[in-house]
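Data block below; observations after.
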Amino acid sequence: MTKIFVDGKAYEVKADQSLLQACLSLGLNLPYFCWHPALGSVGACRQCAVKQFRDEKDTRGRLVMSCMTPAADGTRISIEDAEAAAFRKGIIEGLMLNHPHDCPVCDEGGECHLQDMTVMTGHDYRRTRFPKRTFHNQYLGPLINHEMNRCIQCYRCVRYYREYAGGHDFDAFSSRSQVYFGRYQDGVLENEFAGNLVEICPTGVFTDKTLKRHYTRKWDLQFGPSVCVHCGLGCNISAGERYGTLRRIVNRYNGEVNGYFLCDRGRFGYEFVNSAERLKQPLQRQDGKLQPISKARALEALAGLLADPKKVIGIGSPRASLEANYALRALVGADRFYTGLSASAARLTAVALEMLRRGPARTPSLGEIERADAVLILGEDVTNVAPRMALALRQSVRQQPMRKADQLKIPRWLDHPVRELAQDQKGPLYIATPAATRLDDVATETYRAAPDKIARLGYAVAHALDAGAPDVAGLSEAERSLAARIAEALKSAERPLVVSGPSLNSEAILQAAANVARALSAAGRAPSLSLTAPECNTLGVTMIGGGSLADAFQAVKSGSADTVIILENDLYRRASARAVDEFFSSARHIVLLDSVTTPTVQKAELVLPAATFAESDGTLVSSEGRAQRFFEVYPPVGEIQSSWRWLRDIMMAAGRREAAAWQDLDAVVASVSDGIPALAAVAQAAPSASFRLAGAKIPREPHRYSGRTAMLANINVSEPKPPEDSDSSLAFSMEGVFAQPPASLIPFFWSPGWNSIQSVNKFQEEIAGPLRGGDPGVRLLEPSAAEPRAYFTPASEPTSGSAGEWLLVPLYHIFGSEELSRLAPGIAELSPQPYVALNPEDANALGVQEETSVTLSLESVSRTLPVKLMPGLARGLAGLPAGILPIEGSGLPAWSRISRA
Amino acid sequence: MEKVLTRYIQPDGVPLDARAYEQAGGYQSVPKALKMAPKEVTEIVKQSNLRGRGGAGFPTGMKWTFVPTGPNAPHPKYLCANADEMEPGTFKDRLLLESAPHQLIEGMIVAAYAIEADVAYIFVRGEYVLAIERLQKAVAEAYNAGYLGQNILGSGFSLQMYVHASGGRYMCGEETGLLNALEGKRANPRTKPPFPQVSGLFGKPTIVQNVETLSNLPHILNHGPEWFKGLSKSEDAGTKLYGVSGKVKRPGLWELPMGTTIRELLEEHAGGMQEGLAFRGVLPGGASTDFLTAQHLDVKMDFGGVQKAGSRLGTGTMIVLDDRTCPVGMVRNLEHFFAQESCGWCTPCWSGLSWAEQILTSIEEGRGRPEDLEELEFICKFCAPGNTFCALAPGAVEPLQSALKYFREDFERHILAQHCPWRTH
């Protein structure tokens, strides 16, 4: 700690930060533009000027930029000094010379950092009388809107896009007052994290194009603190609604998870909630067609189906909440509950869970991944499977080079000097995958091979780290020396990390990753092991426990069950169409609860409309093992309700009186916590519904929310009573106390004078630190202190197909591979069409070119697909887009012949 | 007076080739320096009191002492000759580049040896086509003669030298903008500290030095620091290339003792004002220095003297304003240049200078308003040293702020008459 003096008052602040950061951490208002807590200081905008005094006697002082000046012990500054204040006001005037002042028609209006800072500095009159410069606005794709005339040249966008997110197709062009931020020509922004530009830009140059289609000002949105459902990382989001449609997603800061940033799938995938594919009322199959029925009739029908409970099984879902899965389990009985995961996914997740419980490696948070200083990725295309993790890994490669800056006493927050010193140096990052990945540009080395060979490289790394770890035979000299280099890099790191996961359906890869972690531990390191999870609650439903989908199929096939209740699950994505069809035709009754129309709906006898994340509450367990609560953004409309409520109603209808206790979320959470020892801590993921902030509920709506009395006047002139929320301490209201709620209950960030998302500054214990009271979520997985398990033993040889066969491997796409986000029009537009990828040399040998139709066979089904040449793909492999072809669950990798169609 | 910097310059301006240069006494400082310890070379330069000739006047020897040396120093280390002469009115380095390239190379070898640099770049203004051609030839000759490359003159010291033609921005002449440009990046200035001596080109210790500064080094090594100090008429050592442009009888460039007065330069060397024109003022050190007027004619053109008079020695090449030229128009031209050359990094510079240009244009074109002068004064303060990221904007407003002081009535006449009094229609 050091002591600084601000306007004559002494403060204790953390050392090693800039004055700007120190002042903001103290809650003082100091305007800024070019600085961003995740991007550091560069001194471009000159907005944060303060007066600095040499000592007590110095009364003249001099202007310094607080972002560029360290908070050294004894520093004396004044924010209020007249000259400093006048200069800051002047900066706004300078920025405003060319700003169009189009706030009324600008999507940023009402949450614009430029507006906030303008008001803060007191600038209110622009003296210039000259024409403003104008620019061409670019088409940047379906997700982001470009309006360059509003630009104030703070350089945050280009620094974020190029230096932080690693994008290449965006830059600062031209000079003087005409610097242009965009692409070299119109086109879709290539970076998967481009959506953060919407929040990085302090004004309305980059805005959310999906919001534009159903625009609402921030102050008119009703928000819910939520958790992203589009991958397993559990990024925290703040979702906004008006008039019953979900309007947009913004980042909800969680210092340990997503920090300041989301991926574009997470930000823009939300539109599935508004999709025409939504199921809105109960449906019953009559005369072969699904017909709407009332809730009462649906429940009546269900009560009949459940007359013989011994014949009923339940299929849960990795994309449904713990509460919904648990309620289904309670309805059918633990031994008749199946997780809904395919046999292979269930096995791999169970293996992963066991590894993380046994240790010795610890599952890291995304924040810890960002701070890792040597990384080995085994088998995962992180950008496309767990996107936000890729952004964290991109920062991890800066850890080792930053030590050089420490030696020269260049503060880490002084962004450009640190980067200029490091130049292109990157810390160790080794990537072993079948195909090129979007992180290759920062990788130390990459290794392209089939899944089995990737696993074998991992085993070799473990053996190189610890001679006690089993070795593999048959590695080439090059592979062995690569393994040695990886081992050396991990061993000499302070915070080594192994990333792996189930994406290639390979248990061997997971075991190899566990061996590397175990060997690192044997070598005296404290390794982290991050295993991706494909869906938002894969880990959670696995922790509840239950058989796999294959087991469920078996139960029906064997005749021990004939009625199936499926929870938020499209079985066609998890098993071959033949197996699912057979299952459906052998089951007598199929009941489905889901929010969107899927192929499974077409097989159901009874369909109940389930709420999406936006209309329900629940708990999800992320791949980190962090249980996080998501809350309703708005009440479900009509017959739609949370799955757990449907399941409760079904139980009640079937005379199961114990369900009567489930009147609200807390009661279900308590049941989960009591019923599943591994999930005992989930109740602590967020405060219970009885929590009150200064005696009141927490408003979901900003206090300026407009139209409360008028917005439904076309239906009824009497203002309706606001809906009650018995499930949380949040209210569907604008009324409440302005105070900071507990971190997991913050619906949106706002603070007086800080209308933009930058108001998060006011909610943190210190800038870029945890939210006050601790970041949301509770970690469920810590490695046990017990003796670590023995090393896994590799298979004696990698698997091989017969002559002329290709190994088909899944290739993941951030846009397209995930089920729900595909229903968002913007995401759909960016999703690839089905293809089969081949290395150009392999294609050459096959005599095929780009777009040539080829035929391959998978589980005896023949498919014709166009060829896509993929230079980074390992030889001998053929890549198929995961989740895009209807062959998700059919168990890639698989061997097949490929021939010209 | 003893010729120093111009000693090797032939009347036709064609440079001596390596052999002729050697015969004329060139390259003697190289073996001399290589026999000394690098620190001794630095010490001599320190004692000589040589100050940077690029404009800032930082003591050269002292700058070198900030470079980490010895066995643990990071390598490669770099030396950059700043030959990006783009200051309006300044054409002194051009003479040295075009007509004495070997002198520069020799000086660079000495400097590189002193800081134990491995690689040297000559960063030349792209428009100096002839200079680039002659430098490339001279560098090739120096390699052939064994003054560059591996193990120079058997000393164990090696130096690679490259000529780099600038893509062309005023900003590239700023020490750290130059480094960014050399790295292939936008020529934005860099944060200081860390200074380039510690983390410069490609993150390695680097010295950036003006052409004229470097060209002095062989002579200092050959004749010693005391001799160098004795060349001057003032406390700043050595000679200086002084230039005069504007409507004088003989505009030109002269090597004269440091501390020569403005009057001597104007009247004796430049021959006074052209017939029928009267002197009104002068930008003493290039476009980015404050105006001086008739009351300052006896000011000595050295670092301290010009500063005391309220301006800067800058590059020592003055632009003269006469009574038949509109001062508002002149300043408008300058601010047009500076606004255009702003890199666009910091707000006061990119916004303030373009605003100033707009106001000046409007005054000059007869659309001025009384409050314009207040706004121009605001911009001058807005762009003051410390308020901006680098020295471009503070320099850019120097002619403006001093014109507002010395020629205020001319601005007011423009505004009152809604017309430029120097325009005939």
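Predicted model only: the values in this text are computed from it and were never measured. Letters A, B, ... are given to chains in the order of the sequence lines, protein chains preceding strands, and every chain is numbered from 1.
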At a 4.5 Å cut-off on heavy atoms, which part of [X] comes close to chain B: side chain, backbone, both, or neither?
X: A:Ala86; value: neither
X: A:Arg62; value: neither
X: A:Tyr180; value: neither
X: A:Ser41; value: neither
X: A:Ile410; value: side chain

For the candidates [options], which exhibits the highest count of non-hydrogen atom pairs separated by less than 4.5 Å from chain B?
options: A:Gly94, A:Ala422, A:Pro131; value: A:Gly94
options: A:Cys34, A:Ala49, A:Ala172; value: A:Ala172
options: A:His416, A:Arg127, A:Met68; value: A:Arg127
options: A:Thr128, A:Asp424, A:Asp171; value: A:Thr128

Which heavy atom of [X] sits nearest a heavy atom of [Y], and at what distance?
X: B:Pro193; Y: A:Leu414; answer: O-CD2, 4.0 Å
X: A:Met65; Y: B:Asn387; answer: CE-O, 3.9 Å
X: B:Gly344; Y: A:Tyr155; answer: O-OH, 2.5 Å
X: A:Leu421; Y: B:Gly203; answer: CD1-O, 3.4 Å

Within 6.0 Å of [atom1] in [X], more than 12 heavy atoms from elsewhere:
X: B:Glu374; atom1: CD; value: no
X: B:Glu127; atom1: CD; value: yes
X: A:Gln423; atom1: CD; value: yes
X: B:Lys308; atom1: NZ; value: no
X: B:Lys381; atom1: NZ; value: no

Does A:Phe130 have its ring centroid less than 6.0 Å away from the ring centroid of B:Trp355? no

Report the C-alpha distance between A:Val179 and B:Trp345 in whole Å, list the side-chain angles of each, state the deciding distance to 0.1 Å, and finish with yes or no for side chain to side chain contact (heavy atoms under 4.5 Å, CB included). CA-CA 9 Å; A:Val179 180; B:Trp345 180 248; over 6 Å; no

Ignoring hydrogens and angles, state whether a donor on the side chain of B:Ser362 or A:Arg129 is under 3.5 Å from an acceptor on the partner side chain.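 A pair is found: one side chain offers a donor N or O, the other an acceptor, under 3.5 Å apart.
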
Between A:Arg46 and B:Thr388, does any side-chain donor sit less than 3.5 Å from a side-chain acceptor? no

To the nearest 0.5 Å, what is the distance between [atom1] ([X]) and [atom2] ([Y])?
X: B:Arg186; Y: A:Ser175; atom1: CZ; atom2: OG; answer: 6.5 Å
X: B:Ser351; Y: A:Ile152; atom1: OG; atom2: CD1; answer: 11.0 Å
X: A:Ser177; Y: B:Gln358; atom1: OG; atom2: CD; answer: 7.5 Å

What part of [X] gets closer than 4.5 Å to chain A, counting heavy atoms only: side chain, backbone, both or neither?
X: B:Ile359; value: both
X: B:Lys185; value: side chain
X: B:Pro74; value: neither
X: B:Glu183; value: side chain
X: B:Arg169; value: side chain

Taking the side chain as every heavy atom from C-beta outward, state whether [X] and [Y] have any pair of such atoms under 4.5 Å apart.
X: A:Glu420; Y: B:Arg190; answer: yes
X: B:Cys343; Y: A:Arg176; answer: no
X: B:Trp350; Y: A:Leu95; answer: yes
X: A:Gln153; Y: B:Thr347; answer: no

Which of B:Ile379, B:Asp372, B:Leu179 touches chain A most, by non-hydrogen pairs under 4.5 Å: B:Asp372

Residue, of B:Cys349, B:Ser342, B:Gly352, B:Ala384, that accumulates the most heavy atom pairs under 4.5 Å with chain A: B:Ser342

Walk me through whether B:Phe382 and A:Glu93 qualify under side chain to side chain contact (heavy atoms under 4.5 Å, CB included). CA-CA 11 Å; B:Phe382 193 46; A:Glu93 181 167 22; over 6 Å; no

Step-by-step side chain to side chain contact (heavy atoms under 4.5 Å, CB included) determination, B:Thr191 to A:Val42: CA-CA 7 Å; B:Thr191 304; A:Val42 293; 5.7 Å; no

